Every structure is written in structure tokens, then in C-alpha cells.
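Source: prediction; values computed, not measured.
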Amino acid sequence: MSKDYNAAVGEVMALRKEVGELKAALDHTTQVSQLRANDIFGRGTEKLSDIIDAEPAREETDEADEEPENTSNAADASQKHGGQKHGGKGTRNKGKKKAGKRGDDFSRLPRKDVYRLDAEALDKKYGKGNWRIAFWHVHPSLQEIPSSTYALYTHTPVISVGLEHSLVTIPYEAPLWQRSFASPSIVAWILYLKYFLSVPLYRQELMFAALGLSLSRQTMCIWVLHFASVFFEPVCSFLLVKLLAVPYHQCDETTFLVNKDGRPAGRKSYMWVHTTSELSEENPVIMFCYEPTRETEHLRKFYKDFEGYISCDAYCSYRVLSKEKEGAVIICGCMMHMRRRFVESLSLVDKSGMDDEAVAQLPETKALILIGKIYDADEPLKALTADERKIRREQEVKPLVEEYFNYIESFDTSDPMMGERLKDAINYSINQKEYLSRFLSDGHIPADNGFAERCIRPFSVFRSNVMFCDSVSGARATATMFSIVETARANDANVYWYLRYILEKMPHEVKSLEDSFLETMMPWSEEYREYEKRHSSQGPLELGANEFLEQPRAPRKKEMPTDGDKSEKVA
């Protein structure tokens, strides 16, 4: 009996252990499922008031067919926008940007003025010479020029020379590619649609077909690969030189699928992004790099001769690079990733039976409020110079950072009652304290890596539409074009006109043995700015009756006809 009893006790203990393990596995799976549901159907926000007020996301709802605000995948949670403020009470709309005045909304558009005046009608109503223009009312409206694709036939002569009538053909030099009907305008438009608006080539093929043009996706693909390699890669290489000359960088990476890369099907590739610091005084440069893996080797190659600071997440390869280049490369942490862990932990807490006071006492809520205070203090300092920012951070931000870490370090993460997500958030802050506090030592270092994440966000949208690249050359062309497009966007350049500018200028410049012309290919160059100003202001404007491009004036009394002069003088 004693033997059977001991065996039964052992069996019960084993079952209890198994039940505990299964319960832990079930809790973990439930949390992952809930976070996945929040990622798909929930709001893409880390604002504390929104998280507390929001109802838990459900996998099946009546509104499931509506487009969610956050379209990123769970694997791409790091691609969400950052920099939102937290803490304190407020409404959902409190942090939203209000629409500016109408004049400010139109300030970046080309402006055309039209003066409408029907002098004859006014003469009939008020009498000739009995009225004048006191001032003009302005009525702004938006006008659109529909996209039109047309065939341009360029004729070059064949001349007859001398009495012998020898025929001489005047050579025709194609603007882009010999014996190709590609032009800078159509290629720039295709690249703009694909890499700025994320329209795949097969959809562009349908669009051109609707316009009456049979332009296959295969032809467009050949154009993209060719022009990216010949004309855009030299510009991209020069941008890389500019980037590495700045000692303050930000980095991020995301997955990408390349079908034919020499590996088994379905293996993930990666697109890395390297940018100048958000707080750098230099012109922003954004560089995309395709790599088949996420290994440290890419960082070793890219930052071979680099010395400076890199803001990034806690991925181990950055730490490995810092150790290998000790003293030359200094890694800085990201408070957005620190905050995101508390947001995830708070989203898993069942707050249905809690009042506001109970929610405010949660460790996650208190941590988010303290983080929000740090952001509230640091955000206004972005308008200052680096030296002024460092001084103000020492006075205003550093005490808040110390207060946060004092609170976080007061927890005992060995407590079995503490949730796994909360433990992870606390341990992340403690382990990354040195890197997370580094922004206090230099005014050029941002508090988070949000700028790099926002730069890589357009690529995530592109990836969801295009889904994959078929070849390595296509992936490299994609990296080149995104470097050009996103750098142009960051420098407030019109992306279409910048692409067209490069396609128009580079065919004449690449034949040169010198590369000094590449300075004029930058989106911040005076040459490009003048080009954009000149071209973006063009466009057909059809005038209606009694409309003028120049300001007309009313007829003057001395110009009115007299009894002895029956001929009318026109004002």
C-alpha cells in the first residue's frame, strides 16, 4: 500500500507539473493571439489615453471588414510610427494635428492667378466711367491636370549634299536608351508610381492599357533594372559618401522575400535602412541596402571606416559591431522600443472591471506616464541647436530619466505573480539602461529610433503590395530606388521631378570621367531646386471669357469718348 501510495503521489505531482506547464503554454499562446489581434484589428497607437480607453480587439467583429489604421504585420511591429506623447488625461483627438489655414495648405503648390472682369457688363449696370476697382477678392480653388500619355514622333532630316546629291542622315541621339521608346518623363512616372505610390507593374500595365497603350510589365521591369543600374546607382553611391561623412546615424531593418536568391524557397531576406540622425544639421540621407540575411557581416561592411554614434534597437548585431570597433562606434538605445513593451503588457491586462484609479495604479500605467514625461520634456527641444539641446536635457530631461529608472529598478522580477510581459519590459529597461540614457550626453542623438522606422515604413507598404522580388538584381534595384525616393522625400523635393531630373541630366554626365557633377544631382542642390521650380510651375491653363493673367484696370474718365470723338478708347 505504501508503495502504491508513493507511486500515486509521484503521478499526481507529475500531473500537476504537466498541468502547470500546459497552463503556462496556454497563457503564452493566448497572449500572442491577443497581441496579434491587436496588431491586425487594433489601433496603431502607443498613446496611453487611447490604450486605456480602447476596447480589447476581437478577431471576429462586425467592423472586421473595415480598413484598420495599422496595416503592419506582427513581425513588423517595429515599423509603427513613433514619437507620440503619453501620460496624463486627455481625449483621443487631443494629439491630432489641426488643419492649417487654406493658404498654408496650398503654399507648396504652383500658383496661377486669374483676374475675372467683365467691363462691358459693369458699364451697362453702372455707366461708363462711373466705376473703378477698389480691390480684388481672392477665391482659391484646386485644379487638376489629368495624366495623359502621348506618342512623340521626333523627325530628323536626311539631307542632300552638293550636285551629286549625296544623302546624309543627321544622327538622332535617344535621350535615354538607343533604339528604345523610353523617355525621361515616362520612366520617371513608372518609377514614381512603383516606388513612391507602391503601385506594382502589373497594375501600371492595366492603367496604360486603359489609356490605349500596350506597355507590358516585362518591358517596364527591364527599364527599371537598366536605369536603376546605369543612372541611379552612381547617385546612390554619392549619397552613401555623404551619409558616412555624418557621425550620427540611425538604423533599422525589416524582412523581404526574394524568390531566386540561390537558397531554398521561402527564405527571408532583409532590407536594411541607414539614415542620418533626425537631429543632425546636415541634409538628411536615407540609404536602403538589400542583404540575404540579418547577420552582422552587413554592418561590418557598411561601417568599415565609420566612426560615430548609431541609434538602433536592441538587436545583438549592433552590440557585436560596437565591441569589435570599441571606441569608434557607440550604440544608442531607443525609448520607443522600451515603451512598446509596456504598451503590450498593458494591452494584455483585463481592465473591464477596473475603475480609473485602479488602472492608474498598474505598474505599466505608471511606467508609461513616466516615459510620457520624458517625451513631453524632450520633444520641444528639437527646435534648438545641438549644444542648447544638450544643456536643456541636462537640466530638464535627465531628472525624469533618473526618476523612471529608479521606479523600474524597484521591482523584483523574480516574483512569480508578475506577468511575463511585464517582466520582459522591466528587464529590457534595466539591461538597456546604458544605451537608453546615452542621448543625454550629446544633443545630436535622438531619444528614440522613430525617424528610421518612419523612413522604412513606405517600404513596408510597398512590400505588402508587391509582396516579393523575383531576383537579387530586382532587390538591389529596389534598394537603390528607395534610397533615391526617400532621400528626396526627406529633403522636401518633389519626387517625380527629382526622378525626371536625374534621368534627363545623367545621360549627358555619365560620359564624363569626373564625378564632380554628382553634387548637382543631390535633391538639395541649387541646380535641382531651380529645375523643380521651373518645371512644377508649368502646366496648361485655359482662360475663360473675361479672364486675364495680368491684373486689368477700370477705364479712366479721361479715356472716355467725348461728343466730338465717337470712337471709343479701350482701357
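When only modelled atom types and interatomic distance are considered, Asn494 and Glu532 share no side-chain donor-acceptor pair under 3.5 Å. Side-chain N/O atoms of Tyr498 and Asn491 include no donor and acceptor closer than 3.5 Å. With 3.5 Å as the limit, one finds no donor-acceptor pair spanning the side chains of Glu344 and Ser347. At a cut-off of 3.5 Å, with distance as the only test, no side-chain donor of Glu527 or Tyr531 sits close to an acceptor on the other residue. Residues Ser216 and Thr219 have side chains that bring a donor and an acceptor to within less than 3.5 angstrom of each other. Of the N and O atoms on the side chains of Ser345 and Glu364, at least one donor lies less than 3.5 Å from an acceptor on the other residue. Under 3.5 Å, the side chains of Thr385 and Asp387 contain no donor-acceptor pair of N or O atoms.
Cation-pi geometry between Arg339 and Tyr375 is met: under 6.0 angstrom from the ring centre, within 45 degrees of the axis. Taking the ring centre of Tyr290 as origin, the terminal cationic atom of Arg476 falls outside the region bounded by 6.0 Å and 45° from the ring axis. With Phe256 as the aromatic partner, Arg463 does not meet the cation-pi criteria of under 6.0 angstrom to the ring centre and within 45 degrees of the ring axis. Stacking of Arg319 on the aromatic ring of Tyr435 is recorded, both the 6.0 Å distance cut-off and the 45° axial limit being met.
Between Lys260 and Asp470 there is a salt bridge, since at least one side-chain N of the basic residue sits less than 4.0 Å from a carboxylate O of the acidic one. Between Lys433 and Glu409, at least one side-chain nitrogen of the basic residue sits less than 4.0 Å from a carboxylate oxygen of the acidic one, meeting the salt-bridge criterion. Electrostatic pairing of Arg489 and Glu486 counts as a salt bridge here, judged by a charged N lying under 4.0 Å from a carboxylate O. A salt bridge is defined here as a Lys NZ or Arg NE, NH1 or NH2 lying under 4.0 Å from an Asp or Glu carboxylate O, and Glu291 with Arg294 fails to meet this definition.
By the 4.5 Å heavy-atom criterion applied to side chains, Ser437 and Phe405 are counted as neighbours. Taking the side chain as every heavy atom from C-beta outward, Leu436 and Met338 approach each other to under 4.5 Å. Met521 places none of its side-chain heavy atoms less than 4.5 Å from the side chain of Tyr528. Between Asp305 and Leu244 the shortest side-chain heavy-atom distance does not fall below 4.5 Å.
The shortest non-hydrogen separation linking Leu193 to Gln204 is CB-NE2, 3.5 Å. Taking both residues in full, the closest heavy atoms of Pro507 and Ile502 are given as CD-O, 4.0 Å, listed atom of the first, atom of the second, then distance. Of all heavy-atom pairs between Asp412 and Ser414, the closest is OD1-OG, 2.5 Å. Shortest non-hydrogen contact noted between Phe288 and Cys455 is CZ-O, 3.6 Å. Heavy-atom minimum distance, Lys390 versus Ser441: CE-O, 3.3 Å.
A donor-acceptor pair under 3.5 Å links the side-chain atoms of Thr276 to the main chain of Val285, judged by distance alone. In this structure, Ser237 contributes its side chain and Glu233 its backbone to a donor-acceptor pair below 3.5 Å. Between the side chain of Asp261 and the main chain of Val472, no donor-acceptor pair closer than 3.5 Å is present. Side chain of Asp424 to main chain of Glu420: no donor-acceptor pair is present (N/O by atom type, distance under 3.5 Å, no hydrogens or angles). No donor-acceptor pair under 3.5 Å is formed between the side chain of Ser322 and the backbone N or O of Ile330. Side-chain N or O atoms of Thr520 include one that pairs as donor or acceptor with a backbone N or O of Phe517 at under 3.5 Å. In this structure a side-chain-to-backbone donor-acceptor pair under 3.5 Å is missing from Ser229 to Leu225. The backbone N or O of Ile331 sits less than 3.5 Å from a side-chain atom of Arg438, completing a donor-acceptor pair. Remark: side-chain polar atoms of Asp448 are not paired, donor with acceptor, to backbone N or O of His337 under 3.5 angstrom. A donor-acceptor pair is defined here as one N or O able to donate and one able to accept, closer than 3.5 Å; such a pair exists between the side chain of Arg389 and the backbone of Leu384.
To the nearest 0.5 Å, the span separating OH on Tyr496 from OH on Tyr501 amounts to 15.5 Å. A distance of 13.5 Å separates CD1 in Ile222 from CZ in Arg217, rounded to the nearest 0.5 Å. Interatomic distance, CG of Asp376 versus NZ of Lys373, reported as 9.5 Å (0.5 Å rounding). Met467 CE to Leu257 CG: the interatomic distance, rounded to the nearest 0.5 Å, is 9.5 Å. Atom OG1 in Thr254 sits 9.0 Å away from atom NZ in Lys268 (nearest 0.5 Å). Put simply, CG on Leu440 and CG on Leu400 are 10.0 Å apart, with the number rounded to the nearest 0.5 Å.
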Requested in this report: Decide yes or no on side-chain contact (heavy atoms from CB on, under 4.5 Å) for Ile374 and Tyr404, but give the supporting numbers first.
Outcome: CA-CA 9 Å; Ile374 297 173; Tyr404 167 77; 4.1 Å; yes

Query raised in the report: Passes salt bridge (charged side-chain N to carboxylate O under 4.0 Å, His left out), Lys304 versus Glu297? Steps please.
Result: CA-CA 10 Å; Lys304 180 179 179 181; Glu297 188 58 31; over 6 Å; no

Query raised in the report: After noting the C-alpha distance and the side-chain angles of Arg263 and Ser269, does the key distance pass the side-chain contact (heavy atoms from CB on, under 4.5 Å) rule?
Result: CA-CA 10 Å; Arg263 298 182 299 169; Ser269 297; 3.0 Å; yes

Report task. Could you give me the CA-CA distance, side-chain angles and deciding distance for Leu191 and Val495, then say whether side-chain contact (heavy atoms from CB on, under 4.5 Å) is met? Result -> CA-CA 10 Å; Leu191 295 173; Val495 174; over 6 Å; no

Requested in this report: Kindly indicate, with the supporting measurements, whether the criterion salt bridge (charged side-chain N to carboxylate O under 4.0 Å, His left out) is fulfilled by Arg393 and Glu396.
Outcome: CA-CA 5 Å; Arg393 279 176 171 175; Glu396 302 171 20; over 6 Å; no

Query - Audit row: Trp524, Asp492, side-chain contact (heavy atoms from CB on, under 4.5 Å) steps and yes/no - result: CA-CA 9 Å; Trp524 56 79; Asp492 295 324; over 6 Å; no

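Proximity of the aromatic rings of Trp223 and Phe181 is defined here by a centroid distance below 6.0 angstrom, and this criterion is met. For Phe302 and His274, the ring centers sit closer than 6.0 Å to each other. Aromatic pair Tyr407/Phe411: ring centres closer than 6.0 Å.
Checking Tyr318, Tyr315, Tyr303, Trp272 one by one against His298, the ring-ring contact (aromatic ring centres under 6.0 Å, His included) holds for a single residue, Trp272.
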